[in-house]
Amino acid sequence: MVFMDQRGTAFHDDLQRLERIGLLTDPAVVIADNVLKPGAPYHVWRICSMPHYRTDIVDLREFGSAPVEDWITVSWVHRGPTYGMPAEDRRELVALARESDRFRLRAMATSMKDL
């Protein structure tokens with residue numbers, strides 16, 4: 001099992017790397033947090049567009065902030081022809097990923113000023 005809670009725009013690269021170097025069992029369970037906010041568009045595209053993933057997207061409330069919606073993804077990964085391969089590039093994802101990183105940096109700056 002893998003739990004990802006780092007920068008969401010890195011999830012897809014980290015997951016592909018784990019596949020390429022053979023660290024995932026067959027099947028493996030991969031859980032990713034904060035997929036909606038601040039966001040992980042490349043990851044969601046990867047796990048929803050590639051056939052070696054079976055994924056549930058779970059809607060939940062952000063810890064400590066009940067009105068804020070977020071998602072986690074729970075994916076079952078099976079070895080197959082697309083295992084370890086990059087997902088198809090989509091130009092639309094670039095802008096979403098940039099906005100996700102900006103959103104994350106703003107949130108971090110806001111939380112850090114209270115320390």
Side-chain angles (χ1 to χ4, degrees):
M1 183 168 101
V2 175
F3 179 75
M4 296 192 293
D5 193 20
Q6 71 276 28
R7 183 172 53 94
T9 52
F11 288 173
H12 68 293
D13 286 333
D14 294 343
L15 183 53
Q16 182 185 352
R17 189 172 299 112
L18 290 172
E19 291 175 9
R20 269 197 334 260
I21 62 177
L23 288 181
L24 300 179
T25 61
D26 187 10
V29 176
V30 177
I31 300 170
D33 195 13
N34 303 314
V35 172
L36 179 62
K37 292 181 182 164
Y42 291 121
H43 173 69
V44 172
W45 173 249
R46 178 178 184 78
I47 61 175
C48 290
S49 69
M50 298 184 81
H52 66 281
Y53 297 104
R54 194 181 87 229
T55 298
D56 289 331
I57 297 176
V58 181
D59 175 33
L60 49 85
R61 300 295 151 199
E62 185 62 36
F63 178 77
S65 184
V68 177
E69 178 185 13
D70 200 358
W71 296 345
I72 62 169
T73 59
V74 180
S75 300
W76 290 262
V77 185
H78 295 273
R79 293 177 190 237
T82 59
Y83 185 85
M85 303 299 293
E88 177 188 344
D89 281 335
R90 300 296 271 207
R91 187 172 3 119
E92 301 92 336
L93 295 175
V94 174
L96 286 172
R98 286 183 184 143
E99 185 62 26
S100 294
D101 282 340
R102 280 193 293 271
F103 185 74
R104 179 177 172 270
L105 288 172
R106 279 194 307 265
M108 288 174 53
T110 301
S111 67
M112 294 300 284
K113 72 179 180 180
D114 293 333
L115 294 180

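Keep in mind that what you see is a predicted model, and the values were worked out from it rather than measured. Quick note: residue numbers are just sequence positions, from 1.
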Query - Within one Ile-Leu-Val-Met-Phe-Trp-Tyr cluster: Phe103 and Leu105, side-chain cutoff 4.5 Å - result: no

Query raised in the report: Is there side-chain contact between Ile31 and Asp5, with at least one heavy-atom pair below 4.5 Å?
Result: no

Query raised in the report: Under 3.5 Å, side chain of Arg79 to main-chain N/O of Leu24, donor-acceptor pair present?
Result: yes

Report summary line: Correct closest heavy-atom pair for Thr9 and Arg7 would be OG1-NH1, 2.7 Å

Query raised in the report: Got a second to check how far Met4's CE is from Asp33's CG, nearest 0.5 Å?
Result: 10.5 Å

Requested in this report: Look at atom CG of Asp89 and say whether more than 12 heavy atoms of other residues, nucleotides or ligands are closer to it than 6.0 Å.
Outcome: no

Report task. Kindly indicate whether the side chain of Met85, heavy atoms from C-beta on, has any atom under 4.5 Å from the side chain of Glu19. Result -> no

**Report entry** Check: Thr73 and Val58 side chains under 4.5 Å, non-hydrogen atoms
**Finding:** no

Query - Rounded distance [0.5 Å steps], CG in Asp59 versus CD in Glu69 - result: 4.0 Å

Query raised in the report: Are Leu93 and Phe11 grouped together when hydrophobic residues (ILVMFWY) are joined by side-chain heavy atoms under 4.5 angstrom apart?
Result: no

**Report entry** Atom pair NE2/CG of His43 and Asn34 - distance to nearest 0.5 Å
**Finding:** 11.5 Å

Query raised in the report: Distance-only, no hydrogens or angles: does the Ser100 side chain make a donor-acceptor pair with backbone N or O of Pro38 under 3.5 Å?
Result: yes

**Report entry** Side-chain heavy atoms of Arg46 within contact of Gln16, under 4.5 Å
**Finding:** yes

Query raised in the report: When you check the gap from the basic side-chain N to the acidic O, do Arg106 and Glu99 get nearer than 4.0 Å?
Result: yes

Requested in this report: Using atom types as modelled and distance alone, determine if a side-chain donor or acceptor of Ser75 lies under 3.5 Å from a backbone N or O of Val77.
Outcome: no

Report task. Taking the side chain as every heavy atom from C-beta outward, state whether Ile72 and Phe3 have any pair of such atoms under 4.5 Å apart. Result -> no

Report task. Take Val29 and Val2 through the test side-chain contact (heavy atoms from CB on, under 4.5 Å) and record every step on the way to the result. Result -> CA-CA 6 Å; Val29 176; Val2 175; over 6 Å; no

**Report entry** pair Val35-Val44: side-chain heavy atoms closer than 4.5 Å
**Finding:** yes

Query raised in the report: Closest approach of Gly39 and Pro41, non-hydrogen atoms and distance?
Result: C-CD, 3.6 Å

Query raised in the report: How about Val74 and Thr55: do any of their side-chain heavy atoms sit closer than 4.5 Å?
Result: no

Query raised in the report: Are Trp71 and Tyr42 connected in the hydrophobic side-chain network, where two residues link if heavy atoms are under 4.5 Å apart?
Result: no

Query - Gap separating the CG atom of Leu15 from the CG atom of Leu23, nearest 0.5 angstrom - result: 11.5 Å

Report summary line: Cys48 and Ile57 have their tightest heavy-atom pair at SG-CD1, 4.4 Å

Query raised in the report: Would you call Arg98-Asp101 a salt bridge at under 4.0 Å N-O?
Result: no

Query raised in the report: Any Lys/Arg nitrogen of Asp70 or Arg61 sitting under 4.0 Å from an Asp/Glu carboxylate oxygen of the other?
Result: no

**Report entry** Whether over 12 other heavy atoms sit under 6.0 Å from Trp76 CH2
**Finding:** yes

Query raised in the report: Do you reckon Met50 sits in the same ILVMFWY cluster as Leu18, going by side-chain contacts under 4.5 Å, direct or chained?
Result: yes

Query raised in the report: Where the side chain of Trp45 meets the backbone of Glu88, is there a donor-acceptor pair that is under 3.5 Å apart?
Result: yes

